[in-house]
Visitor: 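First the structure, then my questions, so here it is.
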Amino acid sequence: MSPKGFCAIIAFMKTRILKFNGENPDTTIIREAAAILREGGLVAFPTETVYGLGGDGLRAEASAKIYAAKGRPSDNPLILHIADQEQLTGLVRSVPEGARRLMEAFWPGPLTLIFEKSDAVPYETTGGLDTVAVRMPSHKGARALIRAAGVPVAAPSANLSGQPSPTGGEHVIRDLEGRVEMILDGGDVPLGLESTIVDVTGDTPVILRPGYVTLEQIRTLLGAGEMDPAILEKPSEEMRPKAPGMKYRHYAPQAEMVIVEGDQAEVIRQIEELAGGKVREGKRVGILCAQESRGNYHAAPCKTVGTRAEEASIARNLYRCLREFDEEQTEFIYSEAFSEGTLGTAIMNRLVKAAGYRIIRTGGQSGKIQ
Ligand code: TXA
Ligand code: MG
């Protein structure tokens, strides 16, 4: 059954939707939201990366509700969100030295660490794994909520399974109204891509999902670090990704999407040709490009995702653009590649998944997937 079909059979509930100032959160709102979490209910809230769909991570039945509300397979483990380092004790068997240094450098912030789990964390939260993912968000409102709840908050991205992660309050409302007790609408999130996930249970830290915290930063800090090879390639049976969620076709727009990469002039030529061909067949077509090349596209309506001069702008707007294409019922999307810079790996990881690994490589040098 499709995720949407699954969700359609859950009983409709009244969702309270409240405006939320993440920088200076209203204490009454925090108190009410925290009470819902403590009672086993669900609250969607902003973080600095994307919105999260929160429940009490130590209650099996709250985790079950999260999977049901998202229409998400229950073998896909949840991240526990904590407000301070003391909250980590009790959730994990040990904190390896490398993890301690990563926490000092990057917490609070967009970094999730995988530890051996303690008995306090139910298997319903970890999708049956003996490890647990933990993150301390830097978003003030998110931390105030977690602190007030007094429990680690299990929170996947607050989208229906298979939809792009929500980066604005209206995305969460569209996906989850009627499925959760409360939605805190804090406007647009600052980063727009999910956290970097690093497995610190082995001898070498391994990135399972790329994000703002990069492999280079981890190697500089620890002198070691690897990237899960399944990150940019289509995972084969032998190359099963270690983050169970990475094997699903996440971040997927409804359109068939193709990425064209290589020499810029050649990319523009190919996208124009492909888009023009589909337009002539009477299809609804969209082009996704950087501001720098915007003026070169005429074959189909074009969305500017951001500027190559500030790659964070591309990260911030990517999911919003994909959602807009869906709303416009776009059938075919042709996108430029964005593999340069420090965020290139994270952006391309999401983009190639959204495209179902359909990439056309033109002859030139630039824009290659590393
Ligand atoms: O930025 C983020 O991380 C956002 C915000 C809300 O904090 N959360 C988020 O959660 O992206 P979610 O559930 O959409 O993605 C969690 C990813 C999945 O790919 C899951 O498989 C992986 O983390 N994961 C969770 N626990 C794991 C574990 N014990 N071992 C390996 N991967 C794990
Ligand atoms: Mg997600």
Side-chain angles (χ1 to χ4, degrees), residues 3 43-55 57 63 66-67 69-82 91-93 106-118 121-139 141-143 145-146 152-167 171-172 175-176 184 186 189-202 206-213 228 230-231 235 240-252 315 319 346 349-350 353-354:
V43 177
F45 60 97
T47 80
E48 73 278 21
T49 57
V50 299
Y51 275 77
L53 165 54
S63 293
I66 291 175
Y67 290 117
K70 270 186 72 102
R72 175 177 185 158
S74 59
D75 70 339
N76 192 357
L78 306 174
I79 296 174
L80 289 182
H81 294 66
I82 59 174
L91 302 179
V92 301
R93 283 205 187 288
F106 300 112
W107 275 10
L111 174 71
T112 295
L113 297 174
I114 309 285
F115 299 92
E116 307 280 350
K117 84 170 192 70
S118 76
V121 182
Y123 282 112
E124 284 78 0
T125 297
T126 66
L129 297 176
D130 288 316
T131 52
V132 61
V134 186
R135 166 162 124 77
M136 190 195 295
S138 62
H139 191 281
R143 277 221 311 290
L145 173 63
I146 300 160
V153 176
S157 48
N159 51 284
L160 287 179
S161 190
Q163 293 296 311
S165 291
T167 57
H171 303 155
V172 185
D175 279 13
L176 296 180
L184 299 178
V189 296
L191 303 186
L193 287 184
E194 307 86 341
S195 60
T196 304
I197 303 181
V198 181
D199 184 349
V200 288
T201 60
V206 182
I207 295 189
L208 307 187
R209 180 174 71 184
Y212 265 77
V213 176
D228 184 349
I231 276 173
R240 191 183 288 271
K242 293 190 189 65
M246 301 296 271
K247 72 173 179 277
Y248 296 107
R249 192 181 158 212
H250 258 180
Y251 329 115
Y319 288 143
N349 169 256
R350 275 51 165 199
K353 278 183 198 303

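Atoms within a ligand are numbered from 1 in the order they appear, just like the ligands themselves.
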Visitor: For T125 and S63, run side chain to side chain donor-acceptor pair (under 3.5 Å): C-alpha distance rounded to whole Å, both residues' side-chain angles, the deciding distance at 0.1 Å, then the answer.
Guide: CA-CA 6 Å; T125 297; S63 293; 2.7 Å; yes

Visitor: Any nitrogen or oxygen of T49, main chain or side chain, under 3.5 Å from a nitrogen or oxygen of ligand 1?
Guide: yes

Visitor: List every atom of ligand 1 that sits less than 4.0 Å from any heavy atom of I197, numbering the atoms from 1 in the order shown and giving each element.
Guide: 17 (C), 22 (C), 23 (O)

Visitor: State whether the shortest distance between N or O atoms of R135 and N or O atoms of ligand 1 falls below 3.5 angstrom.
Guide: yes

Visitor: Just jot down the ligand 1 atoms closer than 4.0 angstrom to any heavy atom of S195, in number order.
Guide: 1 (O), 2 (C), 3 (O)

Visitor: Record the part of R72 in heavy-atom contact with ligand 1 below 4.0 Å; permitted values are side chain, backbone, both and neither.
Guide: side chain

Visitor: How many angstroms lie between atom CG of L53 and atom CG of L176, to the nearest 0.5 angstrom?
Guide: 5.5 Å

Visitor: Return the minimal non-hydrogen interatomic distance between R350 and P210, and the atom names on each side.
Guide: NH1-O, 2.5 Å

Visitor: At less than 4.0 angstrom from any non-hydrogen atom of L129, what atoms of ligand 1 do you find?
Guide: 28 (C), 29 (N), 30 (N)

Visitor: Look at ligand 1 and say whether T126 reaches it with a heavy atom at a distance under 4.0 Å.
Guide: no

Visitor: At what distance, to the nearest 0.5 angstrom, does OG of S118 lie from CZ of R93?
Guide: 7.0 Å

Visitor: Provide the number and element of each atom of ligand 1 under 4.0 Å from a heavy atom of L208.
Guide: 31 (C)

Visitor: Considering the heavy atoms of E194, write down every atom of ligand 1 situated less than 4.0 Å from one of them.
Guide: 1 (O), 2 (C), 11 (O)

Visitor: Using a strict cut-off of 4.0 Å, indicate which atoms of ligand 1 neighbour a heavy atom of T131.
Guide: 28 (C), 29 (N), 30 (N)

Visitor: Partners of P108 by side chain to side chain contact (heavy atoms under 4.5 Å, CB included), sequence neighbours excluded?
Guide: M136, S138, R143

Visitor: Looking only at distances, can you tell me whether any N or O atom of N76, backbone or side chain, sits closer than 3.5 Å to an N or O atom of ligand 1?
Guide: yes

Visitor: Is I79 close to P156 at the side-chain level, that is, under 4.5 Å between some pair of heavy atoms?
Guide: no

Visitor: Hey, which atoms in ligand 1 end up nearer than 4.0 Å to a heavy atom of A155?
Guide: 6 (C), 8 (N), 10 (O)

Visitor: Go through E194 and Y319 one step at a time and tell me if the side chain to side chain donor-acceptor pair (under 3.5 Å) criterion holds.
Guide: CA-CA 11 Å; E194 307 86 341; Y319 288 143; 3.0 Å; yes

Visitor: Counting backbone and side chain alike, does S165 bring an N/O/S atom below 2.8 Å of the Mg ion (ligand 2)?
Guide: no

Visitor: Should H81 be listed as contacting ligand 1, given a heavy-atom distance under 4.0 Å as the test?
Guide: yes

Visitor: Please report the C-alpha distance between T112 and R209 in whole Å, then the side-chain angles of each, then the deciding distance to 0.1 Å, and finally whether the side chain to side chain donor-acceptor pair (under 3.5 Å) criterion is met.
Guide: CA-CA 9 Å; T112 295; R209 180 174 71 184; 5.0 Å; no

Visitor: Can you sort out which atoms of ligand 1 are near G52, meaning under 4.0 Å from one of its heavy atoms?
Guide: 6 (C)

Visitor: Just how far is it from atom OH of Y212 to atom CG of L191, taken to the nearest 0.5 Å?
Guide: 5.0 Å

Visitor: I need the F115 CZ to D130 CG distance, nearest 0.5 Å.
Guide: 15.5 Å

